[in-house]
Amino acid sequence: MSWDDLLTLSTLMRSGSYSACARELDLTHATVIRRIRRLEQALGKPVVTREDNTFRLTSHGHGALAAALQMEQAADRLLRETEASSQGVTGEVRIAATAAMGSHYLTPRLPGLYRAHPHIEVCLQLGDHITSLAKRRAHIGVRLARPQEADMVALKVGRVRFGMYGAAATSASADGPLCGLTEHSGLALPEVQWPKTLGCRFGCADF
């Protein structure tokens, strides 16, 4: 039995689809399916069934998933203990954030951070998708939505305000359409949901 196959099973059940699982693990769609089939061959029983586009664990699948989660937790605990025993603030820190947050807020503050901790290296991973912290894709996530993963420590670090802005010479009309972001990422982002609460007609722009 391969650890990679158990990892694929836990990622599949968390992400909910072959495509999302493949993106998170940086694999092809076919490789994800092949790993699940290989796990089922090793166990001699099916581990998942698919009903109405939803994956459901079989009895053997529940056991395999429990083992996978225990292995993930053990690996994560080992990494945390190793990081905690290191001297000083050194090494690479991967921070996942939205593009706007990363470029307008985090980046201007990096010079001060580097002056205080010259041996640290910050890698910003910017995008609207949620980077998995449980899989060590990033160490820190600056998010506008609450984390869904287990064993994550979440702290509120600030408040983001939204408002309507326009040129002073432009007259606002209640009947005029607004331009909003689409839910292309599949996430309930505040900047996507907020315009809908205004009760105005609006078109969508996919940036």
Trainee: Side chain to side chain contact (heavy atoms under 4.5 Å, CB included), that's the test. Do I120 and E92 meet it? Break it down for me.
Mentor: CA-CA 6 Å; I120 198 174; E92 180 186 70; over 6 Å; no
Trainee: Is there side-chain contact between R94 and I140, with heavy atoms separated by less than 4.5 Å?
Mentor: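 No. Closest side-chain heavy atoms not under 4.5 Å.
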Trainee: Determine whether E51 and T49 make a side-chain contact, defined as any pair of heavy atoms from C-beta on separated by less than 4.5 Å.
Mentor: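 In contact.
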Trainee: Determine whether I95 and C123 make a side-chain contact, defined as any pair of heavy atoms from C-beta on separated by less than 4.5 Å.
Mentor: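 Counting from C-beta outward, I95 and C123 never come under 4.5 Å.
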Trainee: Could you give me the CA-CA distance, side-chain angles and deciding distance for L6 and M71, then say whether side chain to side chain contact (heavy atoms under 4.5 Å, CB included) is met?
Mentor: CA-CA 9 Å; L6 288 171; M71 296 172 73; 3.7 Å; yes
Trainee: In sequence, state the C-alpha distance, the side-chain angles, and the governing distance for K45 and E40, and then conclude on salt bridge (charged side-chain N to carboxylate O under 4.0 Å, His left out).
Mentor: CA-CA 5 Å; K45 297 286 184 179; E40 291 179 332; over 6 Å; no
Trainee: With a 4.5 Å cut-off on side-chain heavy atoms, are M1 and L39 touching?
Mentor: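 Result yes, sub-4.5 Å side-chain heavy-atom pair found.
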Trainee: Could you list the residues that satisfy salt bridge (charged side-chain N to carboxylate O under 4.0 Å, His left out) with R38, not counting sequence neighbours?
Mentor: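 Once residues adjacent in sequence are excluded, the partners of R38 under the salt bridge (charged side-chain N to carboxylate O under 4.0 Å, His left out) criterion are D5.
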Trainee: Please report the shortest heavy-atom distance between L43 and A64, naming the atom on each side.
Mentor: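 Scanning both residues, the minimum pair turns out to be CD1-CB, 4.1 Å.
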Trainee: Will you find, in the side chains of T31 and T28, an N or O donor that is under 3.5 Å from an N or O acceptor?
Mentor: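 Looking only at side-chain atoms, T28 and T31 do form a donor-acceptor pair, the distance falling under 3.5 Å.
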Trainee: Show the nearest heavy-atom pair for residues A97 and G102, with the distance to one decimal.
Mentor: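 Minimum heavy-atom contact is CB-N, 4.4 Å.
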Trainee: If you define the side chain from C-beta out and look only at heavy atoms, does anything of W3 sit under 4.5 Å from E72?
Mentor: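 The answer is yes; the side chains approach within 4.5 Å.
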Trainee: In Å and rounded to the nearest 0.5 Å, what is the OG to CD distance from S10 to Q70?
Mentor: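 The distance works out to 12.0 Å.
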Trainee: Taking atom OG of S2 and atom CZ of R35, what is their separation to the nearest 0.5 Å?
Mentor: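 Here the interatomic distance stands at 6.5 Å.
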Trainee: Answer yes or no: is there a donor N or O on one side and an acceptor on the other, between the side chain of T8 and the main chain of I36, under 3.5 Å?
Mentor: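 No; judged by distance alone, with no hydrogens or angles, the pair does not exist.
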Trainee: What is the distance from atom CZ of R56 to atom CE of M13, rounded to the nearest 0.5 Å?
Mentor: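 Here the interatomic distance stands at 9.0 Å.
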Trainee: Any side-chain heavy atom of L106 sitting closer than 4.5 Å to one from L124?
Mentor: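 Touching, per the 4.5 Å side-chain cut-off.
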Trainee: I'd like to know if the side chain of H139 and the backbone of V93 have a donor-acceptor N/O pair within less than 3.5 Å.
Mentor: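 No.
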Trainee: What pairs meet the ring-ring contact (aromatic ring centres under 6.0 Å, His included) rule with one or both residues in residues 101-120, with sequence neighbours excluded?
Mentor: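 Every candidate ring-ring contact (aromatic ring centres under 6.0 Å, His included) pair involving residues 101-120 fails, so no pair, neighbours aside, qualifies.
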Trainee: How close do L12 and C21 get, heavy atom to heavy atom, and via which atoms?
Mentor: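 Taking every non-hydrogen atom into account, N-SG, 3.7 Å.
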Trainee: Just so I know, are the side chains of L57 and L9 near enough to count as touching, which here means a heavy-atom distance under 4.5 Å?
Mentor: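 Side-chain contact under 4.5 Å: yes.
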Trainee: Tell me, with the steps shown, if Y18 and R50 meet side chain to side chain contact (heavy atoms under 4.5 Å, CB included).
Mentor: CA-CA 11 Å; Y18 286 127; R50 196 171 187 179; 3.8 Å; yes
Trainee: Should H29 and I33 be marked as a side chain to side chain contact (heavy atoms under 4.5 Å, CB included) after you check the CA-CA gap, both sets of side-chain angles, and the distance that decides it?
Mentor: CA-CA 7 Å; H29 188 278; I33 296 177; 3.4 Å; yes
